[in-house]
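Heads up: the structure comes next, in structure tokens.
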Amino acid sequence: MNPQTPPPAQSHCTSSQQTSNLTPLSLGEGLGVRTKDKLLKQIINYLRLNHALDAAFLISKQTHTHITNNNLTPTPTHQTRTFTYTLLIFTNKTVIASEAKQPRHPTPPLLGRGGRGVRTQPNPAQITDELYNHTQKQAKVYLIMMDAAIASQKLDSGCNFLVYFIKNSPQVFSIDNHWLRFKNSNIITHPIIDKEINHQWSTRFKRATYLHNLTVYNEMDQDPVAYFEVLQKVIEQTCLGLIYVFWQYKPSYTGLTYLLHLCSLFTDLPSKIFNTHTFENHQILHNLTHANHNLKYKTRHTITQKQIDKAWKKCHTFLEQSKALVNIRESGYPVNQTSQTKTN
């Protein structure tokens, strides 16, 4: 588009991130829905009805404002708002996995925190899509899901990841006061924990580096679809390492869009490197996040060599900048979450 010729319509999109300003809960106050956010109430009620919600904590809320100035219609300005929520939720829903090997005399699964049996959590991406449609495309909800019984056991034995979020995130729903007692828990520090963090990062980084090197030293003819699948695994391993370093958490669901969103809660590397400011960048990110699907089901593609080279450069930058981020954190200096990383 010629920059000297202004278009008839102009759009401006801004985004802000925040957490709820709810006051801390006291004993007896943590029952039911505890938020004034109408859209969040709608989300919570859906989770209560369809996924046996036990408790929910609001990790973050992002507000995206899109303003369109249109010179061709009677309405000169049109403004829309969409929201992105990240929630930590505990559920009481027990599902017998169809692929799990059942005992000879199976015990019927029980609901509730004391229930036993084989538990499988629904795919968070599927629930994200459900809620996106349920809110009429107003909200995208990313969920960190855990069975309530398992979460309670982990907290009793000391789980830094859960303690961190329960202490710092407002509780927006609970069926009882069970989770309030963990608000006073402390983060556990020990050399063994530091050693495990170093081990997790080192392993993930080595795997990511190995996979990345395969895309450089492979002398065979490149298959662009398979190439993007390898690059996707590079980003996935890097994200898993970062999430453990910052949160001591191992996600059970590893969709790339989901992992990049979780990383965006403690660093701006995903939004800086994998931005979608141009159509080509949008295509590259789409091919990366859908690489597994494309490898399984597509035999034709429109991926260009330029896109391959640019995707490789982005993955290389993400890998190196992530390593630098971890080194800064391990050195004890505060992590600057607004880094000066630049990528095309």
* Asked: Is it true that a side-chain atom of S152 and a backbone atom of A148 form a donor plus acceptor pair closer than 3.5 Å?
  -> no
When the side chains of residues 283-290 are checked against the rest of the protein, which donor-acceptor pairs come out under 3.5 Å, sequence neighbours left out?
residue: Q283; atom: OE1; partner: Q307; partner atom: NE2; Å: 2.7
residue: H286; atom: ND1; partner: H290; partner atom: ND1; Å: 3.4
residue: N287; atom: ND2; partner: Q283; partner atom: O; Å: 3.2
residue: T289; atom: OG1; partner: L285; partner atom: O; Å: 3.0
residue: T289; atom: OG1; partner: H286; partner atom: O; Å: 3.2
residue: H290; atom: ND1; partner: H286; partner atom: O; Å: 2.9

* Are side-chain heavy atoms of V245 and L325 found at a separation under 4.5 Å? -> no
* **Check: S271/S264 side-chain N/O donor and acceptor closer than 3.5 Å** => no
* To do: Tell me yes or no: between the side chains of H261 and T86, is some donor less than 3.5 Å from an acceptor?
  => yes
* For F90, which of W179, F173, F165, F182 qualifies under ring pair (Phe, Tyr, Trp, His ring centres under 6.0 Å)? -> W179
* **Criterion side chain to side chain donor-acceptor pair (under 3.5 Å) on T82 and H66, from CA distance to verdict** => CA-CA 8 Å; T82 58; H66 187 88; over 6 Å; no
* To do: Decide if atom NZ of K154 counts as having more than 12 heavy atoms of other residues, nucleotides or ligands within a radius under 6.0 Å.
  => no
* Find the distance between CD1 (I308) and OH (Y227) and round it off to the nearest 0.5 Å. => 7.0 Å
* To do: Could you tell me which residues satisfy salt bridge (Lys or Arg N to Asp or Glu O under 4.0 Å) with K233, sequence neighbours excluded, listed by chain and number?
  => E236
* If you look at every heavy atom in H134 and Q42, which pair is closest and at what distance? -> O-NE2, 3.1 Å
* Where does the angle between the aromatic ring planes of H282 and F279 fall among parallel (under 30°), tilted (30 to 60°) and perpendicular (over 60°)? -> parallel
* Asked: Which heavy atom in K183 sits nearest to a heavy atom in I166, and how many Å separate them?
  -> NZ-O, 2.6 Å
* To do: Apply side-chain contact (heavy atoms from CB on, under 4.5 Å) to L40 and F83, showing your working.
  => CA-CA 10 Å; L40 183 55; F83 304 88; over 6 Å; no
* Asked: Salt bridge or not for R181 and D156, using N-O below 4.0 Å?
  -> yes
* Mind checking whether L259 and P251 have side chains closer than 4.5 Å, heavy atoms only? -> yes
* Side-chain donor or acceptor of K167 paired with backbone N/O of S185 under 3.5 Å -> yes
* Main-chain N/O of I188 paired with N160 side-chain donor or acceptor, under 3.5 Å -> yes
* To do: Supply the atom-to-atom distance L319 CG to C315 SG, rounded to the nearest 0.5 angstrom.
  => 8.5 Å
* Asked: Between E130 and Y46, is any side-chain donor less than 3.5 angstrom from a side-chain acceptor?
  -> yes
